[in-house]
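The structure appears below as structure tokens.
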2 protein chains.
Amino acid sequence: MADIGARDGSSRDKILEVAEALYARRGFAGVGMREVAEAAGLGKSSLFHHFRSKVQLYLAVLERVLGRIDERLGAALASGDAPAAKLDRWTDALVDALAEQPASARLLLRALFEDEQFDTEEWPEGQAVDQRVESLLAGISRLLEEGMRAGAFRRASTPHVVQTLIGAAIYHFASGELGETLLGGPLLSAEAVRTRKAEMKAFFHEGLAARPAQSRSGDDG
Amino acid sequence: MADIGARDGSSRDKILEVAEALYARRGFAGVGMREVAEAAGLGKSSLFHHFRSKVQLYLAVLERVLGRIDERLGAALASGDAPAAKLDRWTDALVDALAEQPASARLLLRALFEDEQFDTEEWPEGQAVDQRVESLLAGISRLLEEGMRAGAFRRASTPHVVQTLIGAAIYHFASGELGETLLGGPLLSAEAVRTRKAEMKAFFHEGLAARPAQSRSGDDG
DNA sequence: GATCCCTCCGACCGATCGGTCGGGCGGCAG
DNA sequence: CTGCCGCCCGACCGATCGGTCGGAGGGATC
């Protein structure tokens, strides 16, 4: 395990909880251990009894968030439904997960950049994070490829569709003030979440719909 | 103007250039003025003759990047083509802009979070940034609404489509190692850029295609 | 030659950074 | 009662943070 004292989780969970919110808001470099400690109601030294270093605390936060999401997405893919219905459930699960834990989207988007700085050799705990990401990507990639093979989706580049799916969900819920200005209302209200699900599902239904070959080819400038 | 010495731009441009790359890689909090100065071949004090503070340097970097992109996207929308063709050109322009300046995507995605910390009252230079963003969003929103009104696109929520477009482009080019692992190759090669354009255009063509009313409604879980 | 201004610099400031250290407190086993 | 151990703390460490200050150098102007 990446931490030291995992016996009684009460303080440890509290630390992870407040650190998640803080890292989401201002990033790894922008949040000091003193601040985390104060928010958790502890002395700074106490943090180092639960996590060996700041990097390990950060990786533990990241792994917890990814774990929560990966589990839900895995469950959404576990049924035996048709690919299009599975994709709907996957989308619902991802949107729900991001909306229920508002820090998640920003944390993950930040992690996209920040944990590239942490050498896997130097911080083996990052492997757990990488595995979560890999599992998540493998799941949705498999679904898309099955759907294409079965003729439920049109032929497209699986990784590109995955990128678009992730971007559409994570960027949206990470967009904060900008997104709220654009929408003219809250991002995280029950209604806004419902709308985002519906828009995403409609969009990917149309965007992936299998249909006869079209005359159009991808011209670029 | 947000800076002090704008007469001879040579040192100033050099600072903006290296700061852009550094902020993109490690964010505002993660990059110190000493590091920027060293990368620009200057003493740290010299930075403060061009920019009053670290925040103003950051905002100037952001404004420059947004200006470059906003200009290109504005030009793509200026023609009198049909909405679908205009959207293609807009997509091409955005992808080109993000791919040609590899730091842009990450910088913008980071800015999504980081400049919410800079109070507009306290840092009036941020208004220029806000205006650039507003101009950019207004342009693409107008195009989408024109297209829907003209029947070229199906009815959908304009802000949600904008979010999906931006997410699909910016997230992709900001995804770094993760994206390259997923694609199994470079993100920024000429071929990869061409592919991303084609995939995005195909996807949004299908996703926004006007077609007879469908029986499907957005169910959610 | 004297003056001015722009650019640049090294030295320095107080504050904060991540991390260490020695010890205090309380429950639990002997 | 005694000793151990998990948890916590304040004090402290060297390093680095953003920012200031006084002055050096050089080109243009008079």
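Since this is a predicted model, take the numbers as computed values, not measurements. Just so it is clear, the values below take in all heavy atoms, side chains as well, and ignore hydrogens, waters and symmetry mates.
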A:His49 (side chain) and D:dC8 (base): donor-acceptor pair under 3.5 Å: yes

Atom pair distance, as rounded to whole Å: NZ in A:Lys54 and C1' in C:dT16: 11 Å

Any pair counted as salt bridge (charged side-chain N to carboxylate O under 4.0 Å, His left out), so long as it reaches residues 58-70 of chain B, sequence neighbours left out: B:Glu20-B:Arg64, B:Glu20-B:Arg68, B:Glu63-B:Arg132, B:Asp70-B:Arg132

B:Ser11 side chain near C:dC8 phosphate (N/O to OP1/OP2, under 4.0 Å): yes

Under 4.0 angstrom between B:Ser46 side-chain N/O and C:dC9 OP1 or OP2: yes

A:Arg34 side-chain proximity, nearest of D:dC13, D:dG10, D:dG18: D:dC13

Minimum side-chain heavy-atom gap B:His50-B:Asp13 below 4.5 Å: no

Separation of D:dC21 P from B:Arg52 CZ (nearest whole Å): 15 Å

Sugar-phosphate only, base, or nothing, as touched by B:Val31 at under 4.0 Å among non-hydrogen atoms: sugar-phosphate

Parallel, tilted or perpendicular, as decided by the 30° and 60° cut-offs, for the rings of A:His160 and B:His172: parallel

Nearest-angstrom distance from the residue atom NZ of B:Lys14 to C1' of C:dC8: 17 Å

Rounded interatomic separation in angstrom, taking CZ from B:Arg26 and C1' from D:dT16: 14 Å

Nearest to side-chain heavy atoms of A:Ser45, which nucleotide of C:dG18, D:dG18, C:dT20: C:dT20

Among D:dT20, D:dG10, C:dC8, the nucleotide that comes nearest once only the side chain of B:Phe48 is considered: D:dT20

Taking every non-hydrogen atom, the tightest pair across B:Ile69 and B:Ala97: CG1-CB, 4.0 Å

Separation of D:dG18 P from B:Leu57 CG (nearest whole Å): 10 Å

Modelled atom types, side-chain donor and acceptor of A:Ser157 and B:Arg196, under 3.5 Å: no

Value in whole Å for how far the C1' atom of C:dC17 lies from CD of A:Glu38: 15 Å

Side-chain N or O of A:His50 closer than 4.0 Å to phosphate OP1/OP2 of D:dC8: yes

Nearest-neighbour nucleotide for the B:Leu42 side chain, C:dG18, D:dC8, C:dC8 considered: C:dC8

Nearest-angstrom distance from the residue atom CD of A:Glu35 to C1' of C:dT16: 12 Å

Interatomic distance, B:Tyr58 OH vs D:dG18 C1' [rounded to whole Å]: 17 Å

